[in-house]
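Have a look at the structure below, then the notes.
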Amino acid sequence: MQKRGAPFFAGYYILLLFALYLPIGILFLFSLNDGVVFAFPLKGLTTHWYRDMLRNAELLQAGMNSLQVAVASSLAATSLATTSAIALLRFQFKGKSPFIALALVPLLVPYIILGAALLVLFAILGVERSLWTVAVAHTIVSLPYALLVIMARMVGFDKHLEEAAQDLGATYVYTLRRVILPLIAPAILAAWLVAFTVSFDEFILASFLIGRRPTLPVYLLSQLRFANRFPQVIALTVLVMLASLSLVLLAQWLQRRGSAIPESDRSGQFARVPGFEDLAFQGEGSSEPHE
Amino acid sequence: MSELPAAIELIDVWKRFDEHEAVRAINLAIPQGEFFSLLGPSGCGKTTTLRMIAGFEQPSEGVLRLLGQEIQNTPPHRRNVNMVFQNYALFPHLTVFENIAFGLKARRVSNQEIRRRVSESLEMVQLPGLEHRKPAQLSGGQQQRVALARALVNRPAVLLLDEPLGALDQKLRKEMQLELKRLQREVGITFVYVTHDQEEALTMSDRIAVMNQGRVLQTAEPRQIYDYPATRFVADFIGTTNFINGRIISTGNETASVELDGLGIVCMTMQEGLATGQSITLAIRPERLRLNKPSSQGQANQIEGILEEIIFIGNDTQYLVRFKNGVRFLVREQNQSPTERGASYQTGQPLQVTWSPAGANVLLE
């Protein structure tokens, strides 16, 4: 039952996979290359870049800085996004649509403009540049992503569930705690991961707003000048990539376990809790069908 | 008995959404322990009325009383009513046990008491042993029972049901109708039941309010509604009805004579408020009509028509008969024995449609 053109699309897809993963593969390859020149043939297999990297205090410090900024800004963005999503989708108030629009604007403003603007703002306010100012900037830019992920989930679940809770005697706070939050928990986790990623590899805003302590991307770029240190940088990026990959896989596994119901037992009445893979990972609002 | 306050009382209740009037001047008093149905087509305001009783909508005007207490300003979680939602609205992340215990936990009932009452109510809806399943692992009928148990476990003064059987298949629906009725008798709780299914309402209810376009057209017992519909809409919505226009030409003590447009004179039982010269509509149920034989109660009314169509529907056969003036009547006869009727009439043949004077119902327009 092969349709004509299938080989073409298959070939196209393989090409696409190559384009996506070839650079990453090359990175991995050269992190193990015994030499500082990036050219084939490889000089020989070594792990000493990894060893050097683990001894490079500056590099590790930059990594720690990024981790701190990412944790702080993703927590801030996720909690702001959660409360905003509930307010926007469950309460009626004036100026709702402008608020949604305003919250999403950071998606459209070029980072370089936002960075300059924040730099000026912090200068006027007399706030010294530090990891904190970077974290504030990262909170602003990751908020729209987190908001969209959580809103998509909230649109997807039956509004009557909240009414049912209140009908059964639950106050609003109790409903929030026992019904709304557990139901959007997967989306909150997904939103947090997105926000974390946005912050962790963000360069432009950070380069405007860092004080004396660089974040990892800023530090990495500064190391490009020193050819002999560069393989360490590559080794670090490979580790970071592996870490984020396992984070995503972990989240997915948690999701599947959370909704582990045999396919045959699912009646049509309730759509299952969407897995991590169902959520709009790129911030495009995907909403689960209602029934 | 009359001292007992009504379970639910609505006094001149209106509900407006922007321009749209969803509920208009509704007055209802539902006595305690009654199985009461709100029946009407979709968009007639029945669900809005139910949601106002539950507290999810605020009446724009009017008074709402629960056991004599005004409740229109009480939030839903403080009203002693519980609702069974159309799609059950079971909490998908909680087990059956946790779903049913939800209301008790919210009201800080002790754990021991919760366990006792949950298992009691699971038995009541005949679902013991499923405590640890998640809603998605249950069939539609089981979910329905869990939704019922979750509401009844709180022992509400009134149970509100919003088309709870709509999602079930025909056979299960019939079973659940009888089961709901049994349950209601057992627990003695007032049920307010919203449905668009007339058969469902007739089967289960003590009384029915028929609604259309935000108004209550008639509130009465099922038999009364079926036999004496108050308006053309009610007559048409509940069951099937033939309508024919006429004018009263004479009235007596027992009977009145009606001249049907272009079809001659028929006789009907005299009712209060009828006067000579009045234009009326006669409403006659298809099963009150007979074909080609005199009515058993003597004094049968007869009109000649042409048999246009024969429709076999299993237990009954329906005949569509067209009169001289263009009006068509549907006649329904039971199939007493195989092929008894099927062969005895041919489409296109002329025959008599007859009915007894008591078989017709007068609608004053």
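Per chain, numbering begins at 1; letters A, B, ... match sequence-line order.
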Greater than 12 external heavy atoms within 6.0 Å of M241(A)'s CE: yes
Using non-hydrogen atoms only, which part of L160(B) is less than 4.5 Å away from chain A: side chain, backbone, both, or neither? neither
Sort R107(B) into side chain, backbone, both or neither according to what part of it lies under 4.5 angstrom from a heavy atom of chain A. side chain
Between R150(B) and N99(B), is there a donor-acceptor pair closer than 3.5 Å when you use the side chain of the first and the backbone of the second? no
Engaged part of N82(B) at the chain A interface, taking heavy atoms whose separation is under 4.5 Å: both
Within 6.0 Å of CD in Q126(B), more than 12 heavy atoms from elsewhere: yes
Which one of K105(B), R79(B), E98(B) has the most heavy-atom pairs closer than 4.5 Å to chain A? K105(B)
Side chains of K96(A) and F91(A) in contact at under 4.5 Å (non-hydrogen atoms): no
